[in-house]
Q: 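My questions will all concern the structure given below.
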Amino acid sequence: MSSTDYAVRGMTCDHCAGAVTAEVTKIPGVTGVQVDVAAGRLTVEADQPVADDAVAEAVEEAGYEVVPA
């Protein structure tokens, strides 16, 4: 199992966290998602490698943006 952190711009509330979680959870192999709205951080846990592009696309689908850490 692996865990990867991302910086996310635009999240301000629990609804934001829920939207990001819902989209990222759809990625094959993802087993867990943790969102820290206050810090603007996203942690993705997976049982197989997950492409950074796939995570970025899912976050964008939710209406937010992955930014360089």
Side-chain angles (χ1 to χ4, degrees):
M1 180 152 359
S2 67
S3 176
T4 308
D5 292 322
Y6 299 90
V8 179
R9 181 178 8 223
M11 298 186 300
T12 58
C13 64
D14 288 343
H15 178 267
C16 301
V20 169
T21 299
E23 291 299 328
V24 174
T25 301
K26 295 177 184 177
I27 300 171
V30 170
T31 58
V33 176
Q34 296 175 346
V35 178
D36 183 338
V37 173
R41 304 294 301 170
L42 165 67
T43 301
V44 178
E45 298 172 1
D47 60 7
Q48 63 189 33
V50 174
D52 291 339
D53 288 348
V55 173
E57 286 178 23
V59 169
E60 287 175 18
E61 186 68 28
Y64 309 97
E65 178 184 8
V66 171
V67 294

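Side-chain atoms are counted along with the backbone in the values below, which use heavy atoms only and exclude waters and symmetry mates. None of these values were measured; they are calculated from a predicted model.
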Q: Give me the atom names and distance for the closest heavy-atom approach of Ala7 to Arg41.
A: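 Distance-wise, the nearest heavy atoms are CB-NH1, 3.3 Å.
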Q: Please find the pair of heavy atoms, one from Gln48 and one from Pro28, that lie closest to each other, and give the distance.
A: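 That would be NE2-O, 3.6 Å.
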Q: Heavy atoms, side chains only, cut-off 4.5 Å: are Val59 and Tyr6 in contact?
A: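 No. Closest side-chain heavy atoms not under 4.5 Å.
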Q: Enumerate, atom names and distances included, each donor-acceptor pair closer than 3.5 Å involving a side-chain atom of residues 29-36, sequence neighbours excluded.
A:
| residue | atom | partner | partner atom | Å |
| --- | --- | --- | --- | --- |
| Thr31 | OG1 | Glu45 | O | 3.3 |
| Asp36 | OD1 | Ala38 | N | 3.2 |
| Asp36 | OD1 | Ala39 | N | 3.1 |

Q: If you take all heavy atoms of Ala46 and Val50, which pair is closest and at what distance?
A: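 Answer, listing the atom of Ala46 first, then Val50: CB-CG2, 3.5 Å.
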Q: Shortest non-hydrogen contact from Val67 to Val8?
A: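 Scanning both residues, the minimum pair turns out to be CG2-N, 4.4 Å.
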Q: Less than 4.5 Å apart, any side-chain heavy atom of Leu42 and any of Val20?
A: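 Yes, side chains in contact.
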Q: Taking salt bridge (Lys or Arg N to Asp or Glu O under 4.0 Å) as the definition, give me every residue that meets it alongside Glu60, ordered by chain and number, with sequence neighbours left out.
A: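 For Glu60, no residue satisfies salt bridge (Lys or Arg N to Asp or Glu O under 4.0 Å) once neighbours in sequence are set aside.
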Q: Restricting to non-hydrogen atoms, name the atom on Ala17 and the atom on Val37 that form the minimum distance, rounded to 0.1 Å.
A: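 Nearest pair, atom of Ala17 first, then Val37: CB-CG2, 3.7 Å.
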Q: Closest heavy-atom contact between Ala19 and Ala62?
A: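 Closest approach of Ala19 to Ala62, heavy atoms only: O-CB, 3.6 Å.
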